[in-house]
Amino acid sequence: MRRITSRFSYVTRAVWLLSLISLFTDLASEMLYPVMPLYLQSIGFSVFFIGLLEGVAEAVAGLSKGYFGQWSDRLGRRVPFVQWGYGLSALSKPLLAVLATPGWVLLARTLDRLGKGLRTGARDALLSDETTPADRGKVFGFHRSVDTLGAVLGPLAALGWLAAHPGQYRPLFWWAFLPGVVAIGITFALRERRAEPSGRPVMPFWASFSYWRQAPPAYRRVVGGLLAFALFNSSDAFLLLLARQRGLSAPTIIGLYVLYNLTYVLSAWPLGHLADRLGPRRLLVGGLLVFAGVYGGVALAHERWAFGALFALYGLYAAATEGVAKAWVSTLCNKADTGAALGTFAGLSSLAALGASTGAGLVWQWVGPLPTFGLAAAVALAVAAYLARVRVMVSPPPTSHPGEA
């Protein structure tokens, strides 16, 4: 495989293609993500339904990643899973503009997340095939960086549209289809590196949870604490809805989402280095404390500058916890069980996300937004205190921790 440059010798043709595919797909998805709750509210959807929609979507994505990943292993093929996965996600965008009924919106959003689950395992396997032990982290880091660029460009594109066409959300779903089509086109330039079929039968969705029974006690203690937090960590859509309820305009809300993503992009790398120096426990506990401050703060915030500061802090929380949690969990199991351990964590977290977003929607509907955010902040403080004291026997970490994009 010919390398692109000598300095970045790890960036092969396949790495470039997969990174560009992710960039265009993320641009399409993130063009709609901050707009989705505003659009649904504008056509009469309740906060409860929005929470249920986000919870189901994340549960489908998380539970299907391991299922389709092992299916790809069994066949020894990757590219068809990548093509169909990105194809489903692209197709879901215009479907959201066709009809505005609850069942149709749920179908379209689920189709988008099913596409993510379908492609992720096979795509990461293709990336892994392009690496050596010395540059595996760099390859996945490069892919993550290019992918995250779409999370900045997408909301900026939505911001430009709404600034020129206030309140016109539906055309954005058609515009978002275009970068999705570009991503699909690039997938046909990928070359299959046919792997040896695993020969193992494809296990059903729920089989991924079987690792919990044989996991070391330290794994169950830490993951149990993280899952307790996940049960109250609802979709970010609720933050956007609260900002809208407090009188902020749609372009301002999208700008806040851009600020969140920029903060995440700029702080993830240095905070990752800090985690290596201080240990993942300290950084994760610190991130949960920031989360508690943000959720406690937004419950009281009304001014635009206050929301801006809180969304920036929220980006710091995400950068300090999303990858760090996986890195810590991966040290609490035998190296041969790392895939099962992280797969179980991801699957259970997805189910927790379904419960969190649905529950938050119910609390908001019945009582209001203040208890929704106040309860999440209190649980974050409790879990931070628990994780700061929990006893774990840490085994040597794997060589690297590839990021997920």
Side-chain angles (χ1 to χ4, degrees), residues 1-29 61 64-93 111-151 153 177-202 338-339 342-343 398-405:
M1 176 68 69
R2 185 175 65 86
R3 302 286 172 165
I4 302 299
T5 67
S6 58
R7 183 176 181 183
F8 299 99
S9 59
Y10 52 87
V11 184
T12 66
R13 177 179 180 275
V15 172
W16 266 113
L17 290 175
L18 289 167
S19 299
L20 290 174
I21 292 167
S22 291
L23 185 151
F24 282 104
T25 299
D26 213 39
L27 192 158
S29 297
S64 58
K65 286 176 186 176
Y67 176 75
F68 288 113
Q70 60 168 323
W71 194 357
S72 173
D73 288 339
R74 183 174 187 271
L75 297 178
R77 300 189 65 190
R78 314 296 187 191
V79 173
F81 290 87
V82 172
Q83 291 171 335
W84 279 99
Y86 283 107
L88 287 178
S89 290
L91 179 63
S92 70
K93 306 301 188 296
L111 192 67
D112 176 47
R113 295 296 86 184
L114 182 63
K116 183 177 179 64
L118 180 61
R119 69 184 181 249
T120 297
R123 183 204 60 207
D124 288 349
L126 282 174
L127 284 170
S128 182
D129 288 342
E130 298 295 314
T131 68
T132 66
D135 59 26
R136 186 168 294 121
K138 298 186 187 74
V139 167
F140 279 89
F142 176 83
H143 176 267
R144 179 63 179 167
S145 296
V146 177
D147 175 34
T148 306
L149 181 60
L153 297 178
F177 182 53
L178 297 181
V181 170
V182 173
I184 296 172
I186 299 175
T187 66
F188 288 96
L190 292 170
R191 299 169 185 167
E192 183 74 80
R193 285 182 130 196
R194 193 172 182 90
E196 189 68 26
S198 69
R200 295 190 300 269
V202 178
T338 301
L342 291 175
T399 303
S400 63
H401 303 295
E404 178 189 338

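The structure presented is a predicted model; accordingly, all values stated were derived computationally and were not measured. FYI, the numbering just counts along the sequence from 1. Heavy-atom basis, side chains included; hydrogens, waters and symmetry copies ignored.
Formation of a donor-acceptor pair under 3.5 Å by the Thr187 side chain with backbone atoms of Ile184 is found in this model.
Ala28 and Gly180 make their closest contact through CB-N, 4.2 Å (heavy atoms, listed as atom of the first residue, atom of the second, distance). Pairing each heavy atom of Gly115 with each of Leu88, the nearest pair is CA-CB, 4.0 Å.
Shown here are the side chain to side chain donor-acceptor pair (under 3.5 Å) partners of Ser89, two or more places apart in sequence or in another chain: Asp112, Arg119. Remark: Leu17 engages Arg13, Ile186, Ala189, Leu190 in a side chain to side chain contact (heavy atoms under 4.5 Å, CB included) (not counting sequence neighbours). For Leu153, the side chain to side chain contact (heavy atoms under 4.5 Å, CB included) test picks out Leu27, Leu149, with sequence neighbours left out. Looking at residues two or more places apart in sequence or on another chain, you find no ring-ring contact (aromatic ring centres under 6.0 Å, His included) involving Phe24.
A distance of 10.0 Å separates CH2 in Trp16 from CG in Leu23, rounded to the nearest 0.5 Å. In this structure, Gln83 CD and Ile21 CD1 are separated by 8.5 Å, a value rounded to the nearest 0.5 Å.
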Item checked: Test log, rule side-chain contact (heavy atoms from CB on, under 4.5 Å), inputs Ser22 and Arg123 -> CA-CA 10 Å; Ser22 291; Arg123 183 204 60 207; 4.0 Å; yes

